[in-house]
Amino acid sequence: MPFGIEFDDIRQYIAPVIYALVIVAVLPLMAGYIVLLERKVMAHMQARMGPMRVGPHGLLQPIADAVKLLLKEDITPKNADALMFWLAPLLSVTMALLAYAALPFGPAFQIADLDVGLLFILAISSLGIYGIVLGGWASNSHYSLLGALRSAAQLVSYETAAGLALVSGLLLGGTLSMKGLVEAQDSQGVWFIFVAPFSFFIYLIASIAETNRAPFDLPEAESELVAGYMTEYSGFRWSLYFLAEYANMIVVSGIAVTLFLGGWMRPLSGVHAHIFGLPYELLDLLPALIFFGLAAWCTKLALRQGEQIQKMVMFLFVGLFVVLGAAMAWSLTSTSLMPGIHGAFWFIVKVLVYLYGFLWFRFTFPRYRFDQLMKLGWQFLIPLALVNLVMIGIGIVLAQQFLWPLSLAMIAANVVTLIVAFWLVRQGDKPSIVVLPAEDELPAAGPGEIR
Amino acid sequence: MMLDSILFYFFAALAVGSAILMVTRRNAVHSAVFLISTLLAIAGIFLQLQAEFLFVVQIILYVGGIMVLFVFVIMLVNLDVAVRQMKFNRQSWVAGLLALVLGGLAVVVYRSGGGAFNLMGAPATTMPPNAEQVGTVLFQKYFLPFEIASILLLVAMIGAVVMAKRKI
Amino acid sequence: MNAVLPFFLDHIWLIPMFPLAGAALMFFIGRRLSNAAASAICVGSVGVSFVFALGAFFQLLGMPEGQRVAEKILFEWVPAGPYHMTSGSVTSFVADWGFLLDPLSAVMILVVTGVGLLIHIYSTGYMANEGGFYRFFGYLNLFMFSMLMLVLANNLLLLFVGWEGVGTCSYLLIGFWFKKKAASDAGKKAFIVNRVGDAGFLLGIFLTSALLGTIRFTEIGPALVTAHIAIGAPLITAIALLFFWGATGKSAQIPLYVWLPDAMEGPTPVSALIHAATMVTAGVYMVTRSNAIFQLSPLAMSVVAIVGAATAIFAASIGVVQNDIKKVLAYSTISQLGYMFLGCGVGAFTAGIFHLMTHAFFKGLLFLAAGSVIHAMSGEQDMTKMGALAKKIPTTYRTMLVATLAIAGIPPLAGFFSKDEILEKAFERSPALWVVGWITAGMTAFYMFRLLFMTFHGESHVDHDVEHHIHESPSAMTIPLTILAVLSIIGGWIGIGGRFEKFLEPVTASMGAPEIAAEAGKAPALLLMAASVLLALGGIWLAWMLYIKRTDLAAAVRRNAGALYDLVAHKYYIDEIYDAMFLNRSKDLGSSLGMFDAKIIDGLGVNGAAWLTRAISLVSMWWDTWIVDGSVRLGAFLVELASFPIRLIQDGEMQEYMLIIVIGLIGFLGYTVYLLHWMR
Amino acid sequence: MDQTRNNSTAEIETTVLGADEIILNMGPQHPSTHGVLRVKLKLDGERVAASECIIGYLHRGVEKIAEHRSYQQFAPYVDRMDYVAAVSNGLGYCEAVEKLLGAEAPPRARVVRTILTELQRIASHLVWLGTHALDIGALTPLFYCFREREEILKIFEKYCGARLTTHAFRIGGLQYETYDGFEEEVKRFCEDFSKRIEEYETLLTENRIWLGRTKGVGILNAADAIALGVSGPVLRASGVKWDIRKAAPYAAYDQYKFEIPVGKNGDTYDRYIVRMEEMRQSRLICLQAIENIPTGAIMARIGKVLKPPPGEVYHAIEAPKGELGYYIVSDGTTQPYRVRVRPPSFINLQAFDKMARGSLVADVVAIIGTIDIVLGEVDR
Amino acid sequence: MLPVSHYIYLSLALFIIGVIGVLTRRNVIIILMSIELILNAVNINLMAFSRMWGSVDGQIFAIFIITDAAAEAAVGLGIIIAFFRNRPTVLADEMDLLKW
């Protein structure tokens with residue numbers, strides 16, 4: 001063959017390129033629909049309807065938003081550093097998308113199964129800081145700069161906690177490969193969230209902080225810093241930041257799902273028992289049922305639509321769900337296709353569940369203050385993560401060297417971690433030392449103040 | 001094999017080009033960005049050398065850690081003044097020339113050294129996945145240096161904290 | 001001695017280390033600790049020491065009799081080179097950081113840690129409202145460390161370390177209230193007087209190592225045997241006397257006792273711990289520890305006995321007329337120490353140690369109770385301003401009564417047994433010594449009951465301001481009092497039937513030297529006992545008569561005694577004599593030297609020379625300015641000229657330095673290229 | 001350094017900044033300055049070293065306008081000052097003019113006024129709660145609060161046709177008789193409302209983050225509060241039990257039993273708790289009042305043309321934000337000679353610098369929110 | 001694998017560029033960054049030789065060098081910040097207080 005390309009090379013290089021293209025093409029759409037989901041969920045939590053106009057139940061809202069964003073004027077502030085102002089959002093979104101290279105969407109859908117997959121994702125997502133810092137700096141605005149500095153400090157701090165939490169997962173899995181981690185959970189017959197709940201918990205918090213989501217959304221806290229590092233951005237470049245944020249959310253969810261929630265495995269996949277006389281394997285029917293159910297529900301909604309065009313769009317979605325449901329059902333018949341397609345389904349479902357957690361926190365909690373955020377990171381999460389790491393290590397040694405049952409060892413380890421967690425919380429509740437400045441640092445009274 | 005060379009030349013060109021830009025940019029932030037680019041290119045060369053673990057370490061530690069610190073400091077020390085001033089010092093011409101002479105001499109030494117540098121050792125075609133191997137060697141053969149390095153880091157950390165305190 | 005030892009015996013070296021750790025903690029972080037934390041650390045460290053000491057004691061008891069020696073050498077401390085002994089043979093000097101536990105030191109560590117622990121506990125109450133709480137406890141712990149080093153040392157040099165350590169701590173603690181002039185003066189006095197004694201001790205150590213070639217206690221005895229030293233050899237007498245000289249300093253014997261009464265300026269727990277129970281007995285311990293040497297020198301033994309007896313009666317007589325409660329106790333301590341030396345001097349080392357132990361109990365108790373009284377009286381120490389306190393501070397009173405009975409030698413309390421044993425041994429040696437001791441015992445009973453009556457009975461002379469505040473001390477103070485009271489009662493019983501003597505036998509047994517005491521006949525023990533008890537009762541009766549029954553009699557006695565009373569009340573003018581003999585003579589010497597300096601040297605020599613010099617210098621100035629300075633300036637100018645190019649390089653800019661480094665590299669590489677190309 | 005510690009514009013402008021100091025302009029266009037307040041902050045890192053409020057972006061000269069309108073004509077203008085508590089503003093003005101006239105509204109009018117004013121207090125506090133929580137980052141309470149506020153606004157709309165700037169009262173009484181079912185609606189609202197407050201408290205009161213963000217933030221002690229003339233919930237949160245409804249009862253407040261909640265620490269959390277409790281108390285007042293509305297006239301006889309006798313009057317009421325006072329000078333004509341308004345937001349804003357110094361940027365937002373200012377009232 | 005000489009030339013080039021940066025730039029931060037570049041040039045060599053011998057020892061040394069670089073950067077930047085507080089300059093030739 002010309003250029004020395006052979007069939008193996010096609011499998012090795014071409015297929016990943018196609019996956020990559022699909023991801024790059026589909027991700028913005030996915031991000032858009034996650035935004036729609038967020039708005040709908042938020043609206044329903046807040047006793048209102050959310051977007052209802054563009055498309056039936058706002059189903060076409062993401063597309064309208066995207067069009068609006070792309071058509072907006074792209075402003076570069078006068079004294080901004082043009083090169084960096086251009087580069088920063090690009091960097092941000094590139095790094096977010098690059099991380100997908102090692103994320104396994106299913107046993108079959110992975111661009112590259114790197115030996116150091118998890119570390120690779122961590123490394124790449126740590127580069128996302130530059131997008132934020134440089135963008136904030138280049139904007140030549142105090143809000144942006146403050147937001148950028150906060151963001152950098154926050155990301156660096158919480159990356160430590162997240163990394164430590166992930167390491168305990170790695171200890172259990174014994175590999176750095178993302179695929180290998182899922183397979184480890186498969187072979188051990190338990191998702192790591194059940195043996196290392198604290199790791200999951202720490203990673204959950206740290207991942208929210210790392211993606212700058214509420215209640216850790218200080219870098220873009222709209223009530224304080226307007227929009228933080230994005231204050232001066234508009235139009236396309238702003239939407240790149242936006243895309244990067246949602247892409248990052250999916251990445252961190254993907255890591256959590258892979259490491260703690262069994263990746264692409266179906267729930268109870270290791271169990272072959274029966275309940276009510278039915279085998280658990282019947283759960284394989286669930287994806288198809290869900291899609292058909294969605295199709296039915298959408299049909300019901302479609303029939304209620306007043307306008308013809310809305311009805312048509314809704315039926316479009318009905319069609320989409322029917323096709324997906326059919327694909328799910330059909331793949332059940334093929335042993336070669338079924339793991340891939342169903343794996344992708346379960347992976348995405350788990351990612352959505354994790355993301356739902358993100359949204360839920362956002363609508364429920366007030367925002368942390370910066371010093372409190374740092375305190376939480378350094379004085380609670382990192383010590384706890386360290387203790388947890390040591391305890392998990394001890395648990396593994398107990399299980400492997402002293403032949404304790406894994407469950408017993410892990411319960412013991414986690415109980416110790418729990419005690420430490422309680423202790424740390426109590427420490428944190430004691431009067432803080434850092435909140436108020438020392439007497440000599442306090443500004444003196446102004447002239448208008450009455451003594 | 002061809003892909004290998006393409007990758008190498010690509011990364012090498014990127015590294016050298018960015019390095020030159022880093023040295024010549026007036027704005028420190030730009031310099032930092034080009035240094036990041038150099039470091040990433042070097043990470044790419046590590047990958048091309050099949051040292052995945054070092055590739056990741058290079059990115060996490062160097063790019064994600066050390067350079068963040070640099071960027072942070074550059075933003076902290078307000079460099080508006082520095083931007084307007086001369087970027088090279090008065091010895092720059094002499095120094096540049098001498099540095100190039102140094103490089104030339106090094107090349108001469110390397111080339112004329114010939115057999116003195118035994119570089120023709122048979123390269124292994126592929127290396128096994130090495131994250132595990134690196135870990136094993138690091139924690140067995142090089143355990144003491146590893147601990148010393150940890151202490152060095154600790155000392156540096158304390159030193160940095162002390163230096164950056166408000167009142168010294 | 002590296003056989004496998006039981007745990008506590010193997011770890012005797014830890015016993016002093018706990019207080020040391022406590023002291024270190026106090027000195028480094030004590031300022032930041034709360035009082036509770038500081039006292040917890042210090043009391044705790046002493047408590048741990050006590051536990052270890054108890055453990056070591058019982059494990060020592062568990063060893064077969066006669067082999068009860070545990071030596072633990074941690075490392076060689078002073079590995080000095082070889083030297084010639086007096087005998088001419090070469091030996092090498094070795095002093096190691098070693099610890100020796102034999103019955104003698106076992107008794108001592110028990111006393112030190114036990115009484116020390118109680119006094120520590122007491123101090124938490126007594127010092128609760130003082131500034132520098134952590135400092136106090138730090139010193140106390142340091143003292144415990146030094147004292148334990150002293151008693152556990154396996155050689156003379158290490159003992160001397162502890163010896164000096166306790167001296168330092170004593171100085172620090174006497175001057176604890178350093179803002180008070182009297183206190184700091186007293187500290188200095190104690191320090192200086194002790195130095196005089198220490199000089200003798202140190203000389204003794206040197207002489208020992210020169211004579212015997214070793215300073216290890218376990219080796220001194222055998223060395224004495226192998227060296228074939230005759231009884232009463234001049235050198236051995238010299239050593240013994242020098243040691244005893246040291247002991248008089250530390251243990252406040254004539255003539256170096258003067259510091260002890262003044263040392264009462266320190267806080268009362270300090271007086272109890274250092275100046276009654278432990279440190280001052282170091283001399284007795286040291287003499288006992290080196291009994292092998294003493295037993296070879298009858299002359300030294302006699303000196304010890306006579307000085308001890310003299311001190312005993314002398315101090316007791318001063319104690320009779322003192323009005324300061326602590327001063328009385330101080331003189332009483334001196335007197336009792338005299339007893340101990342009397343015991344040692346007559347060869348009854350075990351009796352001396354026995355008395356040391358019981359004395360630690362009841363004198364510690366007396367001081368602590370006195371402290372409790374002072375505490376209750378808001379710092380008042382003058383007994384004439386007390387009285388009728390028995391009802392107000394009953395616990396203190398009861399414990400003090402026990403102690404007083406014990407020191408007066410009333411059976412079956414502790415003091416009776418030990419004192420009686422000394423007197424018995426003294427009688428065997430020389431009835432004259434016995435008489436002195438016997439009278440002293442009577443005086444002791446008298447002045448102690450005088451103290452008790454003046455303080456607790458009779459009419460109240462308390463100031464009105466103070467009267468409202470009189471209160472029983474906190475339990476942190478009364479509990480140690482009670483424990484010590486119990487010990488004062490039962491402490492003497494272990495001596496019944498010679499058990500104690502037998503226990504100490506391996507240490508005091510003459511190492512090949514003949515038994516001196518054996519020459520004397522057997523004393524009529526029961527008779528002597530009865531005599532001393534009777535005399536003690538008489539003393540009590542006299543005190544009762546004078547201070548309770550007929551209070552006017554005391555004044556009458558004072559009037560009629562006249563000159564004698566004055567003599568005694570002024571402590572025989574000893575301080576004044578010392579002033580006149582030593583201090584003022586030193587001053588005279590100084591001033592006459594000063595005169596010589598001013599008149600002869602300054603006037604004639606210096607001023608005359610100055611005139612001469614001025615004349616010469618006028619000439620020399622010209623020479624200096626033009627020739628010498630000129631040449632210097634010329635040199636400087638030349639150096640500046642020459643340094644100009646070098647200074648250009650040293651301009652403080654790092655990048656230029658780096659450039660020079662690069663130039664150096666180029667030179668190096670260029671040389672390499674030269675080698676590669678042209679030298680081939 | 002000492003120079004920079006003074007608080008004045010000139011100092012902030014001219015001081016040479018240290019390495020860590022920057023000047024940050026919050027507003028006038030900023031999401032959390034509640035309108036067009038501009039806050040100039042000198043930051044040392046993220047800590048506020050000095051602050052200055054710059055106001056006047058919404059100045060409309062209301063007090064000057066009053067001099068050219070008759071007494072009745074001016075009444076709608078006061079609604080535009082504190083536009084989230086228009087009913088309270090109207091009450092204060094009407095009562096002030098009545099006092100000047102020497103007239104008094106009939107009992108029925110006074111009770112209805114009380115009910116509406118208390119509902120308005122709840123509505124105002126709800127707006128405060130929603131926006132304050134939003135400033136601190138809790139999104140959801142805003143919508144819940146506005147849901148309940150909607151109920152109140154519906155009652156207003158039914159009563160007088162307007163929702164926001166109601167102009168509900170007239171000098172001398174009421175323009176309109178209550179509509180049919182007014183009592184039932186108010187009652188139903190009040191009964192539902194206690195559950196709603198529990199709901200908000202579930203979201204916020206014991207939330208760790210909320211506690212962290214509000215406890216110990218923006219402390220204002222009682223002495224400072226009094227010295228600065230602060231009033232309303234801000235004053236009460238500092239521990240001063242001062243409420244004009246009790247101290248100098250107006251409308252029908254002397255007939256009802258209610259408590260004055262006070263705080264202890266004077267921090268943001270206490271102000272939050274005080275306002276929450278005030279809502280409960282307002283609800284109780286409404287319930288008491290609605291049980292027993294007297295019948296009779298709703299308007300006193302004062303004539304069509306108002307010509308108060310020459311003289312002056314000061315009348316203050318306890319508006320939701322604090323003491324709202326009107327000082328009116330009459331020269332005997334149909335138009336007031338001078339009207340001076342003592343707006344609570346304006347006075348309370350004086351305490352901002354006191355609270356903000358030494359706190360962090362994020363606290364500044366919380367502090368602005370907790371003072372509960374309305375710029376229309378500050379600037380007038 | 002490419003001949004090791006390629007890597008050595010690349011490393012040399014980066015090294016020389018780093019040296020030029022250290023010698024000529026006035027901004028201390030850029031000087032520090034140039035030093036990082038020099039360290040990386042060394043790392044390339046180590047990795048190439050590690051690959052050549054098929055042993056991971058070179059990689060270990062590279063890890064140590066990165067550690068060292070981190071320590072150096074932390075302390076160096078700390079010094080710069082401390083210096084900047086006292087004298088607002090980051091220019092190397094204005095930091096000449098060591099001159100006599």
Side-chain angles (χ1 to χ4, degrees), chain B residues 4-5 8 12 15-16 19-20 22-23 28 31-32 35 38-39 42 45-46 49-51 54 57 61-62 65-66 69-70 73-74 76-77 82 86-89 92 95-96 99-100 102-103 106 110 119 121 123-124 127 130 133-134 137-138 142 145 149 152-153 156-157 159-160 163-164 168, chain E residues 1-8 10 12-21 23-27 29-30 32-34 36-37 40 43-44 47-48 50-54 56-57 59-60 62-64 66-75 77-82 84 88 90-93:
Chain B
D4 217 24
S5 343
F8 173 75
V16 174
I20 291 172
M22 180 215 109
V23 174
S31 281
L35 180 58
T38 310
L39 295 175
I42 290 172
I45 285 175
F46 287 176
L49 282 168
Q50 295 183 359
L54 259 287
V57 165
L61 283 186
Y62 242 121
I66 299 175
L69 209 59
F70 270 100
V73 169
I74 293 170
L76 273 182
V77 298
M86 227 169 47
K87 59 180 170 180
F88 293 117
N89 57 13
S92 54
L100 290 178
L102 181 70
Y110 174 60
L119 298 184
M127 283 181 60
N130 62 0
Q133 203 184 343
V134 169
V137 175
L138 189 58
Y142 292 99
L152 174 75
L153 269 183
M157 192 164 78
M163 292 307 291
I168 295 180
Chain E
M1 182 200 163
L2 292 161
V4 174
S5 57
H6 282 50
Y7 295 95
I8 290 179
L10 171 62
L12 183 64
L14 291 178
F15 177 79
I16 294 300
I17 294 170
V19 168
I20 291 175
L23 291 181
T24 60
R25 287 305 299 258
R26 296 176 78 206
N27 190 328
I29 297 177
I30 295 182
L32 271 182
M33 292 202 278
S34 302
E36 301 291 332
L37 190 61
N40 268 280
N43 272 358
I44 291 180
M47 304 301 287
S50 156
R51 174 90 170 91
M52 187 179 93
W53 296 114
V56 293
D57 291 21
Q59 303 189 6
I60 305 284
I63 290 176
F64 288 144
I66 293 176
T67 314
D68 185 45
E72 173 238 314
V75 176
L77 293 172
I79 292 173
I80 288 175
I81 287 182
F84 189 77
V90 287
L91 298 182
D93 47 9

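- Heavy atoms only, all atoms of each residue included: B:Ala160 and E:Ala74 are closest at CB-O, 3.6 Å.
- For chain B, no part of E:Glu72 is nearby; none of its heavy atoms comes within less than 4.5 Å.
- Closest approach of B:Ala28 and E:Met33 over heavy atoms only: O-CE, 3.8 Å.
- Of all the listed residues (E:Asp68, E:Ile80, E:Ile20), the one sharing the greatest number of non-hydrogen pairs under 4.5 Å with chain B is E:Ile20.
- When heavy atoms are compared at a cutoff of 4.5 Å, B:Thr38 approaches chain E solely by way of its side chain, counted from C-beta outward.
- Put simply, CD1 on B:Ile74 and CD1 on E:Ile30 are 7.0 Å apart, with the number rounded to the nearest 0.5 Å.
- In this structure, chain E has heavy atoms under 4.5 Å from both the backbone and the side chain of B:Ile20.
- With rounding to the nearest 0.5 Å, the separation of CZ in B:Phe70 from CG in E:Leu77 is 4.5 Å.
- Residue contact with chain B, scored on non-hydrogen atoms closer than 4.5 Å, involves the side chain of E:Leu14 exclusively.
- The choice from E:Leu37, E:Leu32, E:Leu10 that makes the most heavy-atom pairs within less than 4.5 Å of chain B is E:Leu10.
- Every residue two or more places apart in sequence or in another chain that forms a ring-ring contact (aromatic ring centres under 6.0 Å, His included) with B:Tyr142 is listed here: E:Phe61.
- Counting heavy atoms from C-beta outward, B:Ile66 and E:Glu36 have side chains that approach closer than 4.5 Å.
- E:Val19 approaches B:Ala99 most closely through the heavy-atom pair CG1-CB, 4.0 Å.
- With chain E as the partner, the residue from B:Ser31, B:Ala15, B:Gly96, B:Gly159 showing the most heavy-atom pairs under 4.5 Å is B:Ser31.
- Interface remark: B:Leu35 contributes side-chain atoms only to the contact with chain E (heavy atom separation under 4.5 Å).
- Annotation: maximal heavy-atom pairing with chain B below 4.5 Å, among E:Ala62, E:Gly18, E:Ala70, occurs at E:Ala70.
- Residue B:Ala106 comes nearest to E:Leu12 through the heavy atom pair CB-CD1, 3.8 Å, listed as atom of the first residue, atom of the second, then distance.
- The OG1 atom of E:Thr67 sits 5.5 Å away from the CG atom of B:Leu153 when rounded to the nearest 0.5 Å.
- Note: E:Asn40 leads E:Asn40, E:Asn43, E:Ile66, E:Ile16 in heavy-atom pairs under 4.5 Å with chain B.
- Summarising the geometry of B:Leu49 relative to E:Ala48, their closest heavy-atom pair is CD1-N, 3.8 Å, with the distance given to 0.1 Å.
- Shown here for E:Gln59 and B:Leu54, the closest heavy-atom pair between the two residues is CB-CD2, 3.7 Å.
- E:Asp57 is linked by a salt bridge (Lys or Arg N to Asp or Glu O under 4.0 Å) to B:Lys141, counting only residues two or more places apart in sequence or in another chain.
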